[in-house]
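Data block below; observations after.
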Amino acid sequence: MRWPLLIPLLLGSPLWAADWDVPNRAGAITETLAQAADGDTLRLSPGVYAERLVLDRPVTIDGQGQATIDGQGTGSVITVTGPDINLRGLTVIGSGSDHGEIDSGIQLTKTARAAVVENNVLLGNLYGIDIHGADDSIVRGNRIEGRQDRRMNDRGNGVYVWNAPGAVVEGNDIRFGRDGIFVNSSKKNTFTGNTFRDLRFAVHYMYADDSIVSDNVSIGNDLGYAVMFTSNVQVINNVSVGDREHGVMLNYANDSVISGNVVKGAKEKCTFLYNSNKNEFTDNWFEGCGIGIHFTAGSERNRIVGNAFVGNRTQVKYVSTRWVEWSEDGRGNYWSDFAAYDVNGDGIADAPYRPNDSMDHVLWTQPAAKLLLGSPAVQLVRWSQSAFPALLPGGVIDSHPLMQAPQPPAMKKVPHDG
């Protein structure tokens, strides 16, 4: 009695999807696509295909790790306009150079829902992969190397995400070009397990709420993770090593969680907050930076607990006329420059830590005063403040500093020589 119902369901499904072996000759992919049905797989023979493809229905293009598609310097090499399309095992080269059209190795348009782009190599394209309104796309396990033939700001991004809710970018190796992942006006995205090198920003995040940036590694970029004009983002378990300006930057970013990250060796600041409020900084490791953490432009009501500040030239830069407590429920942060003592052995220092004094405030507002750093007058002021804390002007106080530095699990991803 169920056959009349089952037959149309089966006819509408890709149960009999075919595999097509595509020969390596001019126009072969386009010709095969014209014959293929929904759900079919095109397996490309080894070699270079000088074609630009437009994919408008559910198919799989499998380069088997040996096929190269060359756009020959015009437009986007592969444009995906249909749903449920898979691209894998391809090398993609030769996009055009038009920023207005976002010429890309692979471009996923707003009708390309649930595309899967995995285990491809994209070399020298203006943009690597453009997820332009394509909901629920997956970009996984690709190697993307961008342009090097122009100024960094004139290059395209490794992965560009625009208005693509549910997009997942994971396990990619992204190098050169401008930004590793640039996100604009999107939401509910996940960026995890990627490696970024030789870029401007590893992750550049604007107007993209309710998302996750986790388990990524940024090495030697201008800036690691920049979250701007955004709320409710989780920046967790990431690594920033040797990024020149900042490891993590929050600019007008609110109600977010920054936890378990490792930032080492940023020339300027491990972490920089500009007008960012009600964020949680927990269990991070900030080491060897010019400034461990810098708050400015009214960044308030941020929770700072369980972090390790190790060997930064200035641990904290925070100018205020009132005290801001950086401990909670009897637990604060670790400070490598604090000569602490713990008589009862509970792991918590028996005296509070104040990272800044009035001389710091003078030096920040009057840089020329650095010439007086070695003078007896400055030393006397600092001794007086340490002996009589009531003379201090306000700022950060950690009433329960940690005696040991807790290492986040992300430390295992920090590269080591040898």
Side-chain angles (χ1 to χ4, degrees), residues 201 205 213 223-236 238 240 243-264 266-328 331-338 352-367 385 392-402:
F201 297 173
Y205 220 80
V213 181
L223 197 153
Y225 309 95
V227 181
M228 304 183 181
F229 308 103
T230 296
S231 297
N232 194 29
V233 174
Q234 297 183 53
V235 182
I236 55 178
N238 301 285
S240 164
D243 290 328
R244 287 174 286 278
E245 293 185 19
H246 318 314
V248 178
M249 181 180 73
L250 272 60
N251 183 4
Y252 287 84
N254 304 307
D255 299 300
S256 295
V257 175
I258 297 85
S259 180
N261 303 286
V262 175
V263 180
K264 299 183 71 173
K267 182 178 179 181
E268 298 294 330
K269 301 158 188 175
C270 286
T271 301
F272 179 50
L273 278 77
Y274 186 94
N275 198 16
S276 296
N277 306 285
K278 297 187 291 185
N279 301 290
E280 293 192 11
F281 285 79
T282 59
D283 305 315
N284 301 288
W285 183 285
F286 301 132
E287 179 182 353
C289 302
I291 298 174
I293 189 166
H294 181 191
F295 290 78
T296 190
S299 298
E300 299 291 346
R301 290 180 289 171
N302 295 287
R303 178 173 174 254
I304 318 289
V305 177
N307 306 284
F309 295 86
V310 182
N312 302 294
R313 189 164 63 249
T314 298
Q315 300 280 44
V316 176
K317 184 173 181 179
Y318 187 99
V319 179
S320 177
T321 57
R322 62 185 180 85
W323 290 107
V324 178
E325 178 61 62
W326 280 13
S327 68
E328 184 178 284
R331 183 172 184 262
N333 305 273
Y334 173 79
W335 308 92
S336 64
D337 59 334
F338 185 37
Y353 174 79
R354 298 173 178 86
N356 304 133
D357 60 20
S358 60
M359 287 309 306
D360 290 325
H361 292 213
V362 170
L363 294 171
W364 296 334
T365 56
Q366 304 293 330
Q385 291 175 131
L392 290 166
V396 171
I397 180 171
D398 185 343
S399 297
H400 305 281
L402 304 178

Between N254 and K278, does the side-chain contact (heavy atoms from CB on, under 4.5 Å) criterion hold? Intermediate values first, please.
CA-CA 6 Å; N254 304 307; K278 297 187 291 185; 5.6 Å; no
What's the verdict on side-chain contact (heavy atoms from CB on, under 4.5 Å) for N302 and L250, showing C-alpha distance, side-chain angles and the deciding distance?
CA-CA 12 Å; N302 295 287; L250 272 60; 5.9 Å; no
Rounded to the nearest 0.5 Å, what separation is found between the CG atom of N279 and the CD atom of E300?
12.0 Å
Pair S399, E325: side-chain N/O donor-acceptor within cut-off below 3.5 Å
yes
With heavy-atom distances below 4.5 Å as the criterion, would you say the side chains of F272 and T296 are in contact?
yes
Work out which heavy atom in E245 is nearest to a heavy atom in E268; give both atom names and the distance.
O-CB, 2.9 Å
Could you measure the distance from the NZ atom of K264 to the CH2 atom of W285? Nearest 0.5 Å is fine.
7.5 Å
Give me the ring orientation class for W335 and F309: parallel if the planes are under 30° apart, tilted from 30 to 60°, perpendicular past 60°.
parallel
Can you see whether D255 engages N232 through a side-chain donor-acceptor pair at a distance of less than 3.5 angstrom?
no
Residues H400 and S327: closest non-hydrogen pair is CD2-OG, 3.4 Å
Quick one, F295 and I304 - any side-chain contact, counting heavy atoms below 4.5 Å?
yes
Looking only at heavy atoms, what is the nearest atom pair of I258 and N261, with distance?
CG2-ND2, 3.3 Å
How far does OH of Y252 sit from CG of L273, to the nearest 0.5 angstrom?
13.0 Å
Residue among N284, T271, T282, D283 satisfying side chain to side chain donor-acceptor pair (under 3.5 Å) with N307:
N284
Heavy-atom closest pair, residues P352 and F338:
O-CZ, 3.4 Å
Euclidean distance, E280 CD relative to I236 CD1, rounded to 0.5 Å:
12.0 Å
Using every non-hydrogen atom in the two residues, find where R244 and K267 come nearest and quote the distance to one decimal.
O-CB, 3.0 Å
Note: W326 and N333 closest approach over all heavy atoms is O-ND2, 2.9 Å
Mind checking whether Q315 and S336 have side chains closer than 4.5 Å, heavy atoms only?
yes
Between S240 and D243, do the side chains contain a donor N or O and an acceptor N or O under 3.5 Å apart?
yes
Can you tell me how far apart NE2 (H294) and OH (Y274) are? Round to the nearest 0.5 Å.
10.5 Å
